[in-house]
2 protein chains.
Amino acid sequence: MAGDGAERTGATRRRGAALEQAILRAAADELLESGYTGLTMDRVARRAGTNKNTIYRRWPNRAALGVAAYRQLAVADLKPPDTGELRGDALELLRRANCHWTSPLGEVLRGLLSAVGEEPELLAQLQEQAGAAGTAGWLAVLDRAVARGQAPPEARHPRVATVALALLRNEIITRGVSSAPDDVLVEIVDEVYLPLLRGHAHTETA
Amino acid sequence: MAGDGAERTGATRRRGAALEQAILRAAADELLESGYTGLTMDRVARRAGTNKNTIYRRWPNRAALGVAAYRQLAVADLKPPDTGELRGDALELLRRANCHWTSPLGEVLRGLLSAVGEEPELLAQLQEQAGAAGTAGWLAVLDRAVARGQAPPEARHPRVATVALALLRNEIITRGVSSAPDDVLVEIVDEVYLPLLRGHAHTETA
DNA sequence: TTCATTAGGGTACGCAACGTACCTTAAGGC
DNA sequence: GCCTTAAGGTACGTTGCGTACCCTAATGAA
């Protein structure tokens with residue numbers, strides 16, 4: 001990491017893409033350290049070894065910078081799990097999501113989501129990243145379950161497929177900041193997700 | 001409403017509970033007009049015909065005042081619907097919740113939820129109001145459905161009962177600020193909620 | 001009734017952070 | 001080797017939180 005904490009001492013003056021990257025890295029680091037609340041333009045400027053002026057030439061306001069910086073962090077490595085059983089796969093996906101939302105990154109995302117409420121454009125950008133990543137994994141897992149005969153084909157409806165994820169999100173938002181305990185995840189899978197799929201299979205897999 | 005917009009002109013000086021109520025009313029009005037973002041201590045003070053000092057003697061910070069003011073607004077009138085059918089009741093509950101979350105009041109609640117993230121005490125207070133009110137209605141509706149034989153007794157598990165509500169919340173949060181369109185509510189009920197209950201009834205009500 | 005105590009009113013302040021203005025200075029293309 | 005363009009530096013205006021200080025009205029007790 002170049003110029004991590006201290007102000008940059010290099011003699012040359014960066015421009016264009018290089019500078020932009022430096023700003024984004026600085027902003028992303030601030031996000032991880034202090035969350036969106038702690039992301040201030042002055043601090044990002046100092047950390048990146050530049051000044052607010054330069055930042056405002058690229059992003060119109062703090063929220064936009066926050067979203068852009070988050071993008072850097074959110075390149076999630078999502079290989080859907082394959083335990084050979086639907087229940088195991090679902091639990092694993094839920095545990096990963098739980099981890100994600102609980103991590104500093106999740107906190108950042110929550111902060112951003114609430115801060116961006118007024119600007120729909122930024123909101124759309126966030127959803128594109130946060131939302132899409134989620135559903136893909138669930139559909140993949142369900143595809144395999146359908147192939148195995150553990151779930152009916154109708155289960156591949158996106159809303160049905162991601163029910164467990166939605167419940168987890170709801171749990172975290174409703175219950176507060178800390179992560180959901182594992183037995184809640186198990187409950188979601190056993191009491192809701194699997195019965196739901198069973199309910200879709202009208203009279204089969206009994 | 002006494003002293004609605006203009007600064008109070010009365011000669012007597014209010015104290016204690018009367019003053020506290022005046023402050024809370026002013027804060028609640030500001031919340032409805034401008035949301036939590038627009039709730040500033042100076043404006044509340046002016047509107048209540050008092051000063052910040054007096055407010056800070058009662059609430060330690062803006063968030064606490066916001067939560068207290070929200071309590072005034074959130075006395076929801078919740079008689080669970082009774083259309084005679086589970087599907088109709090569920091849809092009606094969902095529509096009400098959708099209305100609520102979309103209303104200025106919902107916006108306020110969302111703002112508060114995100115602002116209070118750091119202070120667990122306040123968060124607990126909010127949940128007490130927002131959360132409990134919701135589940136009661138669903139349990140009541142399910143009770144009647146069970147009595148009618150339209151749902152299995154296991155459906156009265158709180159997590160199962162409120163699945164539709166959780167999905168709606170998730171939809172609103174994920175998709176952004178505006179209200180969920182009605183077909184989404186129908187989809188939640190028909191594609192998730194009813195199949196889920198069906199799935200719980202292992203081999204009955206077929 | 002008088003008077004001390006207590007709570008409210010008015011105002012100004014310190015501080016942080018956003019966003020902007022203005023000028024100076026280096027980079028890089030022609 | 002100049003000239004446009006972009007970056008650096010700095011200071012400013014503004015808003016809003018939270019605090020400090022001192023004045024003044026209400027209340028209850030002597």
Side-chain angles (χ1 to χ4, degrees), chain A residues 2-3 6-27 30-31 33-69 111-112 115-116 118-119 122, chain B residues 2-3 6-27 30-31 33-69 111-112 115-116 118-119 122:
Chain A
E7 306 85 74
R8 215 172 48 92
T9 58
T12 75
R13 183 184 276 187
R14 296 158 301 176
R15 298 184 77 147
L19 181 54
E20 188 156 330
Q21 276 306 309
I23 295 173
L24 281 177
R25 292 183 67 105
E30 289 287 334
L31 273 185
E33 279 182 21
S34 328
Y36 179 67
T37 318
L39 182 84
T40 78
M41 302 306 254
D42 296 80
R43 288 180 55 150
V44 170
R46 276 222 340 267
R47 182 167 207 153
T50 179
N51 60 349
K52 284 195 295 180
N53 225 330
T54 309
I55 301 181
Y56 278 107
R57 246 174 245 132
R58 293 175 159 78
W59 296 276
N61 51 46
R62 190 168 77 105
L65 174 61
V67 172
L112 280 175
V116 169
E118 318 296 326
E119 283 153 291
L122 294 178
Chain B
E7 307 83 74
R8 215 172 49 92
T9 57
T12 74
R13 182 184 278 187
R14 298 158 300 177
R15 296 183 77 138
L19 181 53
E20 188 157 329
Q21 275 307 307
I23 295 173
L24 281 177
R25 290 185 69 105
E30 289 289 331
L31 273 184
E33 277 182 22
S34 328
Y36 180 65
T37 318
L39 181 83
T40 76
M41 301 307 256
D42 295 82
R43 290 179 53 153
V44 170
R46 276 223 339 269
R47 182 166 208 153
T50 178
N51 60 349
K52 284 195 294 179
N53 224 330
T54 308
I55 302 182
Y56 277 106
R57 245 174 244 134
R58 294 175 158 78
W59 296 276
N61 50 46
R62 192 169 75 105
L65 174 61
V67 171
L112 279 175
V116 170
E118 317 297 326
E119 282 153 292
L122 294 178

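A note on names: the letters A, B, ... follow the listed sequences, proteins ahead of strands, and every chain is numbered from 1. Heavy atoms only: backbone and side chains are in, while hydrogens, waters and symmetry mates are out.
In the set C:dC18, D:dA7, C:dT11, C:dT11 carries the atom at the smallest distance from any side-chain atom of B:Asn53. In the set D:dC17, C:dG9, D:dG9, C:dG9 carries the atom at the smallest distance from any side-chain atom of B:Asn51.
Every residue was checked against the side chain to side chain donor-acceptor pair (under 3.5 Å) condition with A:Arg15, not counting sequence neighbours, and none meets it. Under the side chain to side chain donor-acceptor pair (under 3.5 Å) criterion, B:Asn51 pairs with B:Thr54, not counting sequence neighbours. For B:Asn53, the side chain to side chain donor-acceptor pair (under 3.5 Å) test picks out no residue, with sequence neighbours left out.
Look at CZ on A:Arg46: it is 13 Å from P on D:dT10, rounded to the nearest Å. In this entry the distance linking CD of B:Glu30 with C1' of D:dG16 reads 14 Å, nearest Å. Taking atom OH on A:Tyr56 and atom C1' on C:dC22, their separation rounds to 17 Å, with Å as the unit. When rounded to the nearest whole Å, the span between CD of A:Glu20 and P of D:dG8 equals 13 Å. To the nearest angstrom, P of D:dG16 lies 10 Å from NZ of B:Lys52.
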Report, one pair per line, the protein and nucleotides 2-4 of chain D atoms (nitrogen or oxygen only) whose separation is under 3.5 Å.
none

Would you tabulate the pairs of protein nitrogen or oxygen atoms and nucleotide nitrogen or oxygen atoms of nucleotides 4-7 of chain C closer than 3.5 angstrom?
{"unit_1": "C:dA7", "atom_1": "O4'", "unit_2": "B:Arg15", "atom_2": "NH2", "d": "2.3"}

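For the atom pair CZ of B:Arg13 and OG1 of B:Thr50, the computed distance is 9.0 Å after rounding to the nearest 0.5 Å. The structure places CZ of A:Arg14 at 8.0 Å from CD1 of A:Ile23, a figure rounded to the nearest 0.5 Å. With rounding to the nearest 0.5 Å, the separation of NZ in A:Lys52 from CE in A:Met41 is 8.0 Å.
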Could you please spell out the steps behind the side-chain contact (heavy atoms from CB on, under 4.5 Å) verdict for A:Leu19 and A:Arg58? CA-CA 11 Å; A:Leu19 181 54; A:Arg58 293 175 159 78; 4.2 Å; yes
Does A:Glu33 form a side-chain contact (heavy atoms from CB on, under 4.5 Å) with A:Arg47? I'd like the steps, not just the answer. CA-CA 12 Å; A:Glu33 279 182 21; A:Arg47 182 167 207 153; 2.8 Å; yes
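For the pair A:Trp59/A:Val67, no side-chain contact is recorded, criterion being any heavy-atom separation below 4.5 Å from C-beta on. Counting heavy atoms from C-beta outward, B:Gln21 and B:Leu24 have side chains that approach closer than 4.5 Å.
Looking at heavy-atom distances under 4.0 Å, A:Asn61 makes contact with sugar-phosphate atoms alone, never a base.
Near DNA chain D, meaning a heavy atom under 4.0 Å away, the residues from residues 35-43 of chain B are B:Leu39, B:Thr40, B:Met41, B:Asp42.
For the pair B:Arg62 and B:Tyr56, the cation-pi test (distance below 6.0 Å, angle within 45°) is failed.
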